[in-house]
Enquirer: 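Right, I'll just put the structure down here and ask away after.
These figures come from a predicted structure and were not determined experimentally. The sequence lines fix the lettering, A, B, ..., with proteins before strands; numbering per chain opens at 1.
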Protein chains: 2
Amino acid sequence: MTADLRSAHVCIIGLGLMGGSLGMALRAGHACASVTGSDRVAETRAQAIALGSVDSAFPDARDAVRQADLVILATPVRAIVRLLGELAPAFRAGAIVMDLGSVKSPIVAAMAGLPPDVQPIGGHPMCGKERAGLAAADPGLFRNAVFCLAPLERTSAETLAVARDLVAAVGARSLVIESRRHDRLVAVSSHLPYLVAAALTATAGETAAGDDLLWMVTASGFRDTSRLAGSDVDMMMDILLTNSNNVASAARRAAQRLAALADAIAGVDEERLRSTLAATQQTWQEQRSRREP
Amino acid sequence: MTADLRSAHVCIIGLGLMGGSLGMALRAGHACASVTGSDRVAETRAQAIALGSVDSAFPDARDAVRQADLVILATPVRAIVRLLGELAPAFRAGAIVMDLGSVKSPIVAAMAGLPPDVQPIGGHPMCGKERAGLAAADPGLFRNAVFCLAPLERTSAETLAVARDLVAAVGARSLVIESRRHDRLVAVSSHLPYLVAAALTATAGETAAGDDLLWMVTASGFRDTSRLAGSDVDMMMDILLTNSNNVASAARRAAQRLAALADAIAGVDEERLRSTLAATQQTWQEQRSRREP
């Protein structure tokens, strides 16, 4: 392809929350020449056209990608890895192949096996909703989000530039990052919050089973801290199990910290408790100032 | 006093976020005859008058409570317990003595030692902000919040009725609950979310110390789940240490659940992970439907 998003025919495989939102954002901004899509579910294909996510949609992903200059795989991580193998013969020469998966190492490893005339690059927009599916799609989903880009050694400067243009076109900010580093960091910043919310919610559920007045005495603190426990289970299983070493390590470290806090409280170790909580509050203030400069 | 909030002279001891907001809400709604207050800090007293939290303010709490029909102790829990002893001789005969403390058992135990001509009742509005202090006060703070009321055996029906009137006057909903039951439940619904947020934030801080790109890849999930880690440390120390057995038990249970999730992920035990996360998601959906019927 010419290294120009505006003249590119874009194809999105998987018309859920992320793929559907990306199509809406690209089409609303007239950022590219056309957006075609593919989804296994006929109803989703019809809905994607009706909602303005795509110009047209194919049942078979191979038919969708054949003429595309820029293919974006927007399915769960394990499906992306599978699709990279299945679609490899169908990509046209010079096509850019990108993805929106939440874990990058297994995808970038699979991308390394693509034919040499295809240009791969990993992508991960740092945004989402608890509700999965096209019905929750929103062209503003990416606005002000960080959008990670994980180039391979073989990724050309032109391909990276097109990817950056796409990120800018949907209102997000590019962050170029190596895939393993990405996965190590999001295990803590993105996957651990889900597990922590789940542990809190499960503990509350156990308490509520013995005394259902519990739900009457929850307020905004519980609501916000537990919010992610409502996330789609299939989506989270896919993420946790494709980043299992990093996630398990992060969860063990957090569990140890929580147990240490319990010990300090049970032992009424005021000194230790105060220094731990004060240092944590300072960390929280620092990260907030990083996020909101 | 006559069992009538409208004709009552109310006195608020401690003009921080909770006390200051309560005074604003009562005065804005013309819910009582007058609101006097007391705070150790001269600047806070002046600010409380300027912001409309109180009609007048005394440096010495004993002077403030002497003529009050309804005294509301709005300091941290341990200060409330101390004040109940110090102010006991100053309360006028027939006065209602209430509090806004986050933990109820130690306060209700101290209230049991008040002179027999004083009417005690424990109170705890389930709302707050991370920012403590009068500057964050807001007359709408209590709107739609659950306001726990913990009567003692000696608390009369008239006193409970006045307390219910006060709760309604600030826009909150009364929940009458025994103090030990309250403390067991809020350990899970309110104090555990803080500890979970702190464990998450500390783990992220440790990761960021090795790779400060971490804060670039945090999104709304981390932000909401970690929000409570910014809470005032003195306030949280007071709460955690006056409810230590319940809180330590809740934190240990949550730490065990988090470690069990780590084990299931590390062992790629897909079956166990899915059933745990699906049950947790269902608990989350149930509690949400309880909160938002």
Side-chain angles (χ1 to χ4, degrees), chain A residues 126-127 146 175 185-186 188-190 192-193 195-205 207 213-219 221-222 224-230 233 236-237 240-241 244 247-248 250-255 257-259 261-262 265-266 268 274 277-278 280-281 283-284 287 290, chain B residues 126-127 146 175 185-186 188-190 192-193 195-205 207 213-219 221-222 224-230 233 236-237 240-241 244 247-248 250-255 257-259 261-262 265-266 268 274 277-278 280-281 283-284 287 290:
Chain A
M126 302 293 302
C127 54
V146 168
L175 176 69
L185 293 181
V186 296
V188 171
S189 72
S190 182
L192 179 59
L195 291 174
V196 151
L200 168 64
T201 303
T203 304
T207 303
L213 214 55
L214 179 79
W215 303 129
M216 279 293 290
V217 296
T218 57
F222 183 86
D224 289 358
T225 316
S226 69
R227 179 175 67 83
L228 293 180
V233 171
M236 290 312 307
M237 289 283 294
L240 299 172
L241 293 178
S244 56
V247 172
R252 280 186 182 131
R253 285 158 54 205
R257 286 186 179 270
L258 191 53
L261 286 168
I265 292 164
V268 194
R274 183 182 297 279
L277 297 180
T280 302
Q281 190 199 34
T283 298
W284 184 87
Q287 62 82 29
R290 293 290 188 94
Chain B
M126 303 292 302
C127 53
V146 168
L175 175 68
L185 293 180
V186 296
V188 171
S189 70
S190 183
L192 179 59
L195 291 175
V196 151
L200 168 64
T201 303
T203 304
T207 302
L213 214 54
L214 180 79
W215 301 130
M216 279 294 289
V217 295
T218 58
F222 184 87
D224 289 358
T225 317
S226 69
R227 179 174 66 84
L228 294 179
V233 171
M236 290 313 307
M237 289 283 293
L240 299 172
L241 293 178
S244 57
V247 172
R252 281 187 182 132
R253 284 159 52 205
R257 285 184 179 272
L258 191 53
L261 285 168
I265 292 163
V268 194
R274 183 181 297 278
L277 297 180
T280 301
Q281 190 199 35
T283 299
W284 184 86
Q287 62 82 30
R290 294 290 189 94

Enquirer: If you count heavy-atom pairs under 4.5 Å between each of P193(B), A199(B), S190(B) and chain A, which one has the most?
Expert: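 Most heavy-atom pairs under 4.5 Å with chain A: P193(B).
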
Enquirer: Applying side chain to side chain contact (heavy atoms under 4.5 Å, CB included) to F222(A) and L228(B), what does each step give before you reach the verdict?
Expert: CA-CA 9 Å; F222(A) 183 86; L228(B) 294 179; over 6 Å; no

Enquirer: Does any backbone or side-chain atom of V268(A) lie under 4.5 Å from a heavy atom of chain B? Answer side chain, backbone, both or neither.
Expert: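 For V268(A), heavy atoms of backbone and side chain both lie under 4.5 Å from chain B.
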
Enquirer: At a heavy-atom separation under 4.5 Å, does L277(B) approach chain A through its side chain, its backbone, both, or neither?
Expert: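 Its backbone and side chain both get close to chain A.
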
Enquirer: At a heavy-atom separation under 4.5 Å, does L175(A) approach chain B through its side chain, its backbone, both, or neither?
Expert: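 For L175(A), the contact with chain B is made by the side chain alone.
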
Enquirer: Tell me, side chain or backbone of L195(B) under 4.5 Å from chain A's heavy atoms, or both, or neither?
Expert: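 Both parts, backbone and side chain.
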
Enquirer: Looking only at non-hydrogen atoms, find the nearest pair between S189(B) and T218(A) and report the distance.
Expert: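 Shortest heavy-atom contact: CB-CG2, 3.7 Å.
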
Enquirer: Taking every heavy-atom pair that is under 4.5 Å apart, which of A219(B), A204(B), A262(B) has the most such pairs with chain A?
Expert: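 Of A219(B), A204(B), A262(B), A262(B) has the most heavy-atom pairs under 4.5 Å with chain A.
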
Enquirer: Given that the side chain runs from C-beta out, which part of L240(A) has a heavy atom under 4.5 Å from chain B: side chain, backbone, both or neither?
Expert: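 Its backbone and side chain both get close to chain B.
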
Enquirer: Which distance, rounded to the nearest 0.5 Å, do you find between the CZ of R257(A) and the CG of L200(B)?
Expert: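 With rounding to 0.5 Å, CZ (R257(A)) is 11.0 Å from CG (L200(B)).
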
Enquirer: Specify which of L261(B), T283(B), I265(B) makes the most heavy-atom pairs with chain A at under 4.5 Å.
Expert: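 Ranked by contacts with chain A, first place is I265(B).
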
Enquirer: Identify the heavy atoms of T203(B) and A250(A) that sit nearest to each other, and give their distance.
Expert: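 So the minimum-distance heavy-atom pair works out to CG2-O, 4.0 Å.
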
Enquirer: Do the side chain of W284(B) and the main chain of S226(A) share a donor and acceptor less than 3.5 angstrom apart?
Expert: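 Pair found, side chain donor or acceptor close to backbone of S226(A).
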
Enquirer: Just checking, any donor-acceptor pair under 3.5 angstrom between side chains of R253(B) and T207(A)?
Expert: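 Note: R253(B) and T207(A) side chains meet the donor-acceptor criterion.
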
Enquirer: If you count heavy-atom pairs within less than 4.5 Å of chain A, which of M126(B), R274(B), M236(B) leads?
Expert: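 Option with the greatest count: R274(B).
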
Enquirer: Of all residues at least two apart in sequence or in a different chain, which pass the side-chain hydrogen bond (donor to acceptor under 3.5 Å, both in side chains) check with R252(B)?
Expert: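 Result, side-chain hydrogen bond (donor to acceptor under 3.5 Å, both in side chains) vs R252(B): D263(A).
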
Enquirer: Between chain A and each of L241(B), L192(B), V186(B), count heavy-atom pairs under 4.5 Å; write down the option with the most.
Expert: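 That would be L241(B).
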
Enquirer: May I ask you to name which of A254(B), C127(B), G205(B) has the most heavy-atom pairs under 4.5 Å with chain A?
Expert: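 The answer is A254(B).
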
Enquirer: Shortest non-hydrogen contact from L258(B) to A255(A)?
Expert: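 Looking at all heavy atoms of both residues, the shortest contact is CD2-N, 3.6 Å.
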
Enquirer: Working to the nearest 0.5 angstrom, can you tell me the gap between L185(A) CG and M216(B) CE?
Expert: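 The CG atom of L185(A) sits 11.0 Å away from the CE atom of M216(B).
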
Enquirer: Measure distances from V217(B) to the heavy atoms of chain A and classify the residue's part below 4.5 Å as side chain, backbone, both or neither.
Expert: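 Contact with chain A is through both the backbone and side chain of V217(B).
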
